[in-house]
Amino acid sequence: MASSLAIAVLLGAPVLATNARTPTPQMGWNTYNTYSCTPNEDIVKENAQALVDTGLADLGYLYVTPDCGWNMPGRDSDGRQQWNNETFPSGGKALGEYIHSLGLKFGMYSGGGYYQCGSSDQPASLGYEEIDAAAYDEWGADSLKYDNCYCTSPYVMAEYDDPISGSPERFRTMAAALDTVDRDILYQICQWGVGTDIGEWAPELGTSWRISNDIYDAWRSIWRIANQAAPYAALDQTGIGRHADMDMLVVGLGALSHEEEKFHFGMWSILKSPLIIGCAIVELPDTSFDILSNEDVIALNQDSLGDSAKLIRRDTENEWDVWAGDLSGRRKVVGVANWRDGSQTISLDLSDIGVSSAMARDVWAAEDIGRLSGTTDVELAGHELKLYVLSNIMTAGDYLDSTGYYAAANASLAGGAVVTSCGSGECLPVGSKLSYLGGSDDGTATFSSLKFTSSGTKTIGFDFINYDVALATAWDWGSNSRNVTLAVNGGTATRWALPLSGGDWYQTGRMELVVEGFVAGDNNTVVVAGHGDYYAVDLVGIETFE
């Protein structure tokens, strides 16, 4: 495995295991989204062949993975997992050879629990890690998707609250087992975002790690998963050889509109998620094929710099975001996201991403639109994600200056709001936070004596903590966001839906909020509260800029 070790060193990744890594997000096809836990040999072969015949393989979709349901109940006399001889009569080695004969890569599936997901008798790998890793080696596997079902008990398939479910130890055990075999096997951790500090331990073990519960065949899943992905890039936990997995694509399943499929594929691409097709390639609609085969969008995902786009601006009242990230060749990608059902025109301020002017290309339109500078109007259809690539960039020369930092613990509190002291290195930069803003007790925090030299709209650096992770609520209305409102100088409160901030309830995130209503002088007030009867985020402090 010396070659894999060398790759890890070159990528700058922590060297705790030498299973294979890919510098860019893996691309491929998986059976689960269409065939659930009932795949068979013909299904896998037909769709693998279709990857080649359609040209998708030439675009990088190489990993072919039969998901849950490939094996028999029980193990053989040597303790090995057994391929189901009715649905996969040729067995794993022959299937791997077939997939390799097409120039593709063979993916295996198991998990760190008693049984596979969707089953009550098909064994996963808990306690058999080295035996199973050796079998995957023999069968010619190129990757392993490693799931999280039945990890605490053979009787409970999904457990979100037990510490065992959120522990890295089972995933470390399989990483070590993969390190004992001769074959390079890409390790895809499928942990669902359970527990805390996942972005700290998972990149040390696998080339990708699932950050969320399963994607749901509905538009609201895109919002939920984007909010859960936000902190990984903000905290620089992603990069070359380290990919936050936003789950398989639902493009082609008929669950989303055409514009929504483009949005979904574009967002997954610029956030550097693995691109794993979940629909049947043999039945892929032409419009969905055009999305999945868009070489310019794929290039954003596979860019050699590996920089995931970050959430730069959010306007919750008007339902739009701006995401941006660096690309190789001193370029940038900008995603302007319209979460609104209807169309709207928003004003994109290039200075928000440190740019004064740049040549711009509309990626989906495949059109160069010339040099942009300052602010520019962007027309967006309902649920459209506009993607721009900026080049020949002139950086912004004038940056906002900080005019003060105001710790939340020093604000005037009302209702149920309370100050919580944090441990060393937590709730940065001040070591404390306000909890229970909003809610049934209507907790509020009032910041007074904010000073500005001029009146108007100002930028507020809002330091917050949110780890309200949507796991059990993932297929309902869980959003991984919490609402907060700001009212300036007694004016109407404005709402922001803030994403997850980090890996636990003590890791600070920052959003720069553009807020109206300030006046010149040192007597400005800001009241921070919740929205409705729900708790807001925890608040560390605010910084003012001018």
Would you call [X] and [Y] a side-chain contact if the rule is heavy atoms closer than 4.5 Å?
X	Y	result
Ile465	Val540	yes
Tyr98	Gln49	yes
Leu380	Lys386	yes
Asn318	Ile346	no
His258	Ile291	yes
Met248	Lys145	yes
Leu284	Leu292	yes
Asn301	Thr24	no

### Query
Yes or no on side-chain hydrogen bond (donor to acceptor under 3.5 Å, both in side chains) for Asp321 and Trp339, after CA distance, side-chain angles and deciding distance?
CA-CA 8 Å; Asp321 288 345; Trp339 297 104; 2.8 Å; yes

### Task
May I have the step-by-step check of side-chain hydrogen bond (donor to acceptor under 3.5 Å, both in side chains) for Arg314 and Asn227, ending in yes or no?
CA-CA 11 Å; Arg314 170 163 288 179; Asn227 282 322; 2.9 Å; yes

### Task
Just do the side-chain hydrogen bond (donor to acceptor under 3.5 Å, both in side chains) check on Asp538 and Asn466 with the steps written out, would you?
CA-CA 6 Å; Asp538 288 354; Asn466 173 28; over 6 Å; no

Looking at [Y], is its backbone amide N or carbonyl O close enough to the side chain of [X] to form a donor-acceptor pair, meaning the two atoms are under 3.5 Å apart?
X	Y	result
Ser356	Met394	yes
Ser143	Ile185	no
Asn213	Gly193	no
Ser212	Trp192	no
Asp286	Phe289	no
Asp142	Phe106	yes
Gln191	Val194	yes
Trp268	Asp247	yes
Arg242	Gln237	yes
Ser308	Thr238	no

### Task
Go through the steps to decide whether Arg510 and Glu543 satisfy the test salt bridge (charged side-chain N to carboxylate O under 4.0 Å, His left out), and finish with yes or no.
CA-CA 10 Å; Arg510 169 171 284 204; Glu543 187 171 12; 2.9 Å; yes

Can you confirm whether the side chains of [X] and [Y] place a donor and an acceptor under 3.5 Å from each other?
X	Y	answer
His383	Glu259	no
Glu379	Ser343	no
Arg224	Asn480	no
Ser454	Glu546	yes
Ser357	Arg371	yes
Gln344	Asn338	yes
Ser328	Asp303	yes
Gln188	Thr207	no

### Message
Checking Phe462 against Trp496 for the ring pair (Phe, Tyr, Trp, His ring centres under 6.0 Å) test, could you report, in this order, the C-alpha distance in whole Å, the side-chain angles of both residues, the deciding distance, and whether it holds?
### Response
CA-CA 11 Å; Phe462 194 83; Trp496 279 270; 7.9 Å; no

Determine whether more than 12 heavy atoms belonging to other residues, nucleotides or ligands lie under 6.0 Å from atom [atom1] of [X].
X	atom1	value
Arg220	CZ	yes
Tyr35	OH	yes
Tyr405	OH	yes

### Message
Run the salt bridge (charged side-chain N to carboxylate O under 4.0 Å, His left out) test on Asp326 and Arg331 for me, step by step, so that the C-alpha distance in whole Å, both residues' side-chain angles and the decisive distance to 0.1 Å come before the verdict.
### Response
CA-CA 6 Å; Asp326 292 331; Arg331 299 171 300 145; over 6 Å; no

### Task
Please report the C-alpha distance between Cys37 and Cys68 in whole Å, then the side-chain angles of each, then the deciding distance to 0.1 Å, and finally whether the disulfide (SG to SG under 2.5 Å) criterion is met.
CA-CA 5 Å; Cys37 292; Cys68 54; 2.0 Å; yes

Please name the pair of heavy atoms, one in [X] and one in [Y], separated by the smallest distance, quoted to 0.1 Å.
X	Y	value
Val44	Trp29	CA-CZ3, 4.3 Å
Met108	Ala141	CG-CB, 3.5 Å
Leu428	Thr508	O-OG1, 2.7 Å
Leu450	Tyr406	CA-OH, 3.6 Å
Ala50	Ile281	CB-CG2, 3.3 Å
Asp307	Lys310	OD1-NZ, 3.4 Å

### Ionic contact status for Glu512 with Arg313, cut-off 4.0 Å
yes

### Asp147/Arg210 salt bridge by N-O under 4.0 Å criterion
no

#### Entry: NZ or CZ of Lys262 within 45° of Trp364 ring axis and under 6.0 Å
yes

How long is the span from the [atom1] atom in [X] to the [atom2] atom in [Y], to the nearest 0.5 Å?
X	Y	atom1	atom2	answer
Leu186	Arg21	CG	CZ	9.0 Å
Leu372	Leu348	CG	CG	8.0 Å
Leu249	Asn33	CG	CG	8.5 Å
Cys190	Tyr146	SG	OH	12.0 Å

### Query
Are the aromatic ring centres of Phe171 and Trp209 under 6.0 angstrom apart?
no

### Task
Kindly state whether the ring of Trp223 and the ring of Trp477 have centres lying under 6.0 angstrom apart.
no

### Task
Check the pair Thr494, Glu317 against side-chain hydrogen bond (donor to acceptor under 3.5 Å, both in side chains), reporting the backbone distance first and the verdict last.
CA-CA 7 Å; Thr494 303; Glu317 299 278 3; 4.9 Å; no

### Message
Tell me whether the rings of Phe452 and Phe518 are parallel (<30°), tilted (30 to 60°) or perpendicular (>60°).
### Response
tilted

### Query
Which is it for Trp219 and Ser257 under the side-chain contact (heavy atoms from CB on, under 4.5 Å) test, yes or no, and what are the steps along the way?
CA-CA 9 Å; Trp219 166 247; Ser257 70; over 6 Å; no

